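These notes are about the structure you will find just below.
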Amino acid sequence: MYMETKRLMIRPFVKTDLEAFKKLLEIKELPGWGQQRERAESFLEWHIANYQKMDVVTGTVCFGIFDKETGKILGAAGVGEHDDLHETEIFYHLLEEARGKGYAVEAAKAITEWVITEYQLPYIIGTAAIDNIASQRVLERCGYRLIDEQTLLVHIENKKYRFKYYRFYSENS
């Protein structure tokens, strides 16, 4: 499954992406990914194995975001079951040098369209920390509607965080 946008190639990871993939494990806002640094290769293989099922409802599917012109990795995006809410959630992570250029909106729109079209879900969710204005803007620019604010326990850190909870509804729901 490949998605192409004006500037991006969004595609499944392959084993030869390991060095590029390791850069994603350095994103400070992703403590769960950072915990995988010592086992980067097996973490990448886990993502690759998930493509067999392509389960966005009870699993996780994560793709690399690459610059279409240079082939350089910019981040990752995908969908999967939210650990605590048990709903299908979009996610996107960009390397610091790729932020503020509209890549997250471009990738999130492509992922959202793919999920809604391929899986006929009535909606998918997006969450963003209260202080993560940039991520909130990405969701809003992609047509996600703010539903409410929630406090959730992030099990990886065993900490509670306030999140804004968004939904993107399919046209058929």
Side-chain angles (χ1 to χ4, degrees), residues 1-3 5 8 10-13 24-25 27-36 43 46-65 74-95 98-173:
M1 198 295 305
Y2 293 85
M3 290 175 264
T5 68
L8 306 175
I10 302 163
R11 64 165 176 80
F13 285 110
L24 302 175
L25 305 181
I27 297 174
K28 64 182 177 189
E29 295 86 1
L30 301 174
W33 281 50
Q35 292 175 0
Q36 304 300 322
F43 189 47
W46 176 78
H47 282 292
I48 292 170
N50 287 341
Y51 303 137
Q52 298 300 316
K53 291 182 184 174
M54 294 298 277
D55 182 359
V56 303
V57 176
T58 62
T60 297
V61 180
C62 180
F63 303 103
I65 303 171
L74 301 172
V79 288
E81 180 184 22
H82 187 285
D83 291 336
D84 301 300
L85 298 172
H86 306 292
E87 296 175 282
T88 300
E89 176 185 34
I90 189 169
F91 59 86
Y92 40 87
H93 320 299
L94 291 178
L95 296 171
R99 296 176 187 174
K101 298 175 181 163
Y103 296 139
V105 171
E106 214 169 304
K109 281 183 178 180
I111 294 285
T112 299
E113 183 178 319
W114 169 71
V115 171
I116 291 294
T117 302
E118 290 296 315
Y119 294 89
Q120 290 88 41
L121 298 175
Y123 67 88
I124 59 176
I125 69 167
T127 60
I130 294 294
D131 62 348
N132 190 342
I133 305 302
S135 192
Q136 293 168 32
R137 286 186 181 142
V138 168
L139 291 168
E140 290 164 5
R141 287 183 183 143
C142 292
Y144 285 73
R145 287 189 244 158
L146 177 62
I147 304 299
D148 65 10
E149 292 182 11
Q150 298 183 7
T151 300
L152 295 173
L153 176 67
V154 176
H155 69 283
I156 287 176
E157 297 180 287
N158 198 29
K159 286 177 150 179
K160 288 186 178 185
Y161 288 95
R162 295 279 303 149
F163 286 92
K164 289 199 175 187
Y165 172 89
Y166 292 83
R167 281 187 178 176
F168 181 95
Y169 291 94
S170 76
E171 292 177 6
N172 300 327
S173 61

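Small disclaimer: the values here were computed from a predicted structure and weren't measured. Side chains are part of it too, since the values below use all heavy atoms of this structure and drop only hydrogens, waters and symmetry mates.
- Within a 6.0 Å sphere centred on NZ of Lys53, heavy atoms belonging to other residues, nucleotides or ligands number 12 at most.
- Proximity of Tyr119 to Val79: side-chain heavy atoms (C-beta onward) are nowhere separated by under 4.5 Å.
- Note that CG of Asp131 and CZ of Phe163 are 10.0 Å apart. Values are rounded to the nearest 0.5 Å.
- Exactly one residue among Tyr2, Trp114, Phe13 makes a ring pair (Phe, Tyr, Trp, His ring centres under 6.0 Å) with Phe63. That residue is Trp114.
- Counting heavy-atom neighbours within 6.0 Å of Glu113 CD, excluding the residue itself, gives a total of 12 or less.
- Glu118 has its side chain out of reach of Met1: every pair of non-hydrogen atoms, C-beta onward, lies at least 4.5 Å apart.
- Interatomic distance, OH of Tyr169 versus CD1 of Ile125, reported as 11.0 Å (0.5 Å rounding).
- Rounded to the nearest 0.5 Å, atoms CD (Glu106) and SG (Cys142) are 10.0 Å apart.
- His82 is not listed as a side-chain neighbour of Tyr165, based on a closest heavy-atom distance of 4.5 Å or more.
- For Tyr166 and Tyr123, the distance between ring centers is not under 6.0 angstrom.
- With hydrogens and angles ignored, the 3.5 Å screen pairs a side-chain donor or acceptor of Tyr51 with a backbone N or O of Cys62.
- Side-chain contact check for Asn50 versus Asp55: every heavy-atom pair is 4.5 Å or farther apart.
- Minimum heavy-atom separation, Trp33 to Ala76: CH2-CB, 4.2 Å.
- Between Phe43 and His47, the two ring planes are perpendicular [angle over 60°; tilted spans 30° to 60°].
- Atoms CD1 and OH, from Ile130 and Tyr161 in turn, are 13.5 Å apart once rounded to the nearest 0.5 Å.
- Checking side-chain atoms of Tyr144 against main-chain N and O of Thr127 turns up no donor-acceptor pair under 3.5 Å.
- Annotation: the span from Glu81 atom CD to Glu87 atom CD amounts to 9.5 Å, rounded to 0.5 Å.
- Side-chain atoms of Phe168 and Ile90, non-hydrogen and from C-beta on, never get closer than 4.5 Å to each other.
- Nearest heavy atom pair, residue Thr5 against residue Ala110, reads CG2-CB, 3.9 Å.
- Between Lys164 and Glu140 there is no salt bridge, since no side-chain nitrogen of the basic residue lies less than 4.0 Å from a carboxylate oxygen of the acidic one.
- Atom CZ of Arg162 sits in a crowded spot, with more than 12 heavy atoms from other residues, nucleotides or ligands closer than 6.0 Å.
- Inter-residue side-chain proximity for Gln136 and Leu139 is flagged as unmet; no heavy-atom pair is nearer than 4.5 Å.
- Without hydrogens or angle criteria, Thr88 side chain to Val56 main chain gives a donor-acceptor distance under 3.5 Å.
- Side-chain N or O atoms of Tyr92 include none that pairs as donor or acceptor with a backbone N or O of Val105 at under 3.5 Å.
- Inter-residue side-chain proximity for Leu24 and Leu30 is flagged as unmet; no heavy-atom pair is nearer than 4.5 Å.
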Problem set entry | side chain to side chain contact (heavy atoms under 4.5 Å, CB included) between Leu85 and Gln150, intermediate numbers included | CA-CA 10 Å; Leu85 298 172; Gln150 298 183 7; 3.3 Å; yes
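- To the nearest 0.5 Å, atoms CD1 (Ile65) and CG (Leu94) are separated by 5.0 Å.
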